[in-house]
There are 2 protein chains.
Amino acid sequence: MAEHEAAREQALDAAERLFYGRGIQAVGMDAVRDASGVSLKRLYRLFPSKEALVLQFLRRRDERWRQALARHVDAYTAPDDRLLAVFDRLHTWFCEPDYRGCAFVNSFGELGGVSAEVADQARRHKQAFRDYLAALVEDSGLPAELTDQLFLLAEGAITTAAITGTAAPALHARTAARLLVRAHRQHAPAVPDSVP
Amino acid sequence: MAEHEAAREQALDAAERLFYGRGIQAVGMDAVRDASGVSLKRLYRLFPSKEALVLQFLRRRDERWRQALARHVDAYTAPDDRLLAVFDRLHTWFCEPDYRGCAFVNSFGELGGVSAEVADQARRHKQAFRDYLAALVEDSGLPAELTDQLFLLAEGAITTAAITGTAAPALHARTAARLLVRAHRQHAPAVPDSVP
DNA sequence: CAGGGGTGAGAACGAGCGTTCTCGCCCCTG
DNA sequence: CAGGGGCGAGAACGCTCGTTCTCACCCCTG
């Protein structure tokens with residue numbers, strides 16, 4: 001029954017491409033069928049409803065997005081490089097040809113007011129990203145207040161890149177991040193008193 | 001024919017409340033009629049189509065949003081206070097009970113991939129906000145690069161406040177903004193060599 | 001080879017929605 | 001007072017879409 005898994009993946013691939021590119025409500029199940037080659041009957045056996053497909057799409061996207069970020073960050077070892085690598089990853093993301101912002105922000109805007117589950121997915125995704133940033137900040141020996149500041153820069157860059165259609169916001173966010181890191185170091189300098 | 005204008009305003013008020021609160025596609029013209037008390041026939045005489053109503057809603061919201069911001073900023077005279085007042089304004093906005101993020105970001109996420117006009121409205125709105133920030137930055141004698149950095153902070157705060165449902169992002173953005181202003185002043189200090 | 005259980009393609013169904021039409025009512029003019 | 005033109009309420013229409021059903025087909029077992 002690997003057939004089953006393959007169809008599931010095809011369906012989710014198509015759903016992701018369509019939902020992300022055109023918005024969720026603008027995409028019918030017929031469009032998912034046409035794009036995936038998975039018949040309606042099978043679609044409804046794999047996912048009990050469109051809402052289930054949407055939530056699955058969001059779950060998978062969250063996982064993959066965070067994996068891609070971590071993979072990029074893990075190419076660096078120096079804590080400060082790792083912090084800034086987040087913004088490099090944003091830059092390459094923004095350069096993808098059909099970049100259209102954060103799927104979770106978009107879904108939240110479209111359905112957050114009407115579907116509690118979608119709103120929850122968005123909250124969880126952002127929370128996970130913030131937690132990840134917090135760990136990087138702590139590894140750098142920087143104060144925790146920096147986390148939210150960097151998070152806001154990243155978040156702002158994500159939506160600004162989408163709306164303006166350019167990747168420059170990643171660079172602006174990166175410079176701002178460097179300035180903030182430096183500012184925080186000046187008030188509570190180098191720090192590392194590890195291994196007491 | 002003040003009747004005409006009154007109905008128009010009622011319709012736009014209801015449309016704004018509904019579109020902003022539930023998303024655009026989740027709100028039918030019937031809902032606008034019920035909430036506004038303006039009959040369907042009249043609605044369609046006032047606005048040739050739902051899309052026209054949506055665009056009008058966005059135009060009006062852009063105008064009012066920027067007016068409210070300017071009014072708040074104009075309560076201050078010192079250039080640096082005016083800059084930071086932007087984030088205070090965000091804070092009071094986030095505290096509104098049915099705050100649900102930026103109507104333009106939400107509309108862009110929902111319809112930007114499918115309606116060029118909606119995408120355009122979002123672009124224009126963000127551009128206008130950025131221009132406004134740029135003027136404040138220039139009035140403070142600060143370097144232009146600061147503009148995009150503050151813009152990203154504001155933008156990030158707007159969506160983060162929506163998704164987390166708290167107003168704290170405004171405070172985080174404000175502190176980050178203060179740090180960035182200070183950082184920029186250290187590299188190219190006080191400046192004002194006005195009136196040569 | 002017979003038969004049946006699952007499959008795919010597409011029709012069908014029912015609800016929702018954008019838009020228009022009908023019809024009775026009211027007010028305004030001659 | 002007579003008549004008509006615009007108005008509101010809501011029905012109606014046509015389309016889309018989520019979901020299910022039909023039916024012919026294929027493959028697999030006895």
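It should be emphasised that the depicted structure is a prediction, and the values quoted were computed from it without experimental measurement. Residue numbers begin at 1 in each chain, while the letters A, B, ... track the order of the sequences.
No side-chain donor from either of H184(B) and E145(B) sits under 3.5 Å from a side-chain acceptor of the other.
Both F151(B) and L180(A) are part of a single hydrophobic cluster, where members link through side-chain heavy atoms under 4.5 Å apart.
Note: NZ (K50(A)) to P (dA15(C)) measures 19 Å, nearest angstrom. Y44(B) has its OH atom 12 Å from the P atom of dC17(C), to the nearest Å. Here dG18(C) presents its P atom at 20 Å from CZ of R42(B), a figure rounded to the nearest Å. At whole-Å resolution of the value, CG in L46(A) and C1' in dT19(D) are 15 Å apart.
For DNA chain C, the residues of residues 33-41 of chain A within the heavy-atom distance limit of 4.0 Å (strictly under) are S39(A), K41(A), sorted by number. In the region residues 24-31 of chain A, proximity to DNA chain D at under 4.0 angstrom, judged on heavy atoms, holds for V27(A), G28(A), M29(A).
Contact annotation: R45(B) reaches the phosphate of dC7(D) (side-chain N/O to OP1 or OP2, under 4.0 Å).
We find the CZ-CZ distance between R8(B) and R45(B) to be 13.0 Å, quoted to the nearest 0.5 Å. Rounding to the nearest 0.5 angstrom, the gap separating the CZ atom in R130(B) from the NE2 atom in H125(B) is 14.0 Å.
Contact check for F129(A) versus R66(A): no side-chain heavy atoms found under the 4.5 Å cut-off. A heavy-atom distance below 4.5 Å is not found between the side chains of H91(A) and P169(A). Two residues are said to be in side-chain contact when any heavy atoms from C-beta on lie closer than 4.5 Å; E51(B) and F47(B) fail this criterion.
Taking the six-membered ring for Trp and thresholds of 30 and 60 degrees, Y99(A) and W93(A) have ring planes more than 60 degrees apart, a perpendicular arrangement.
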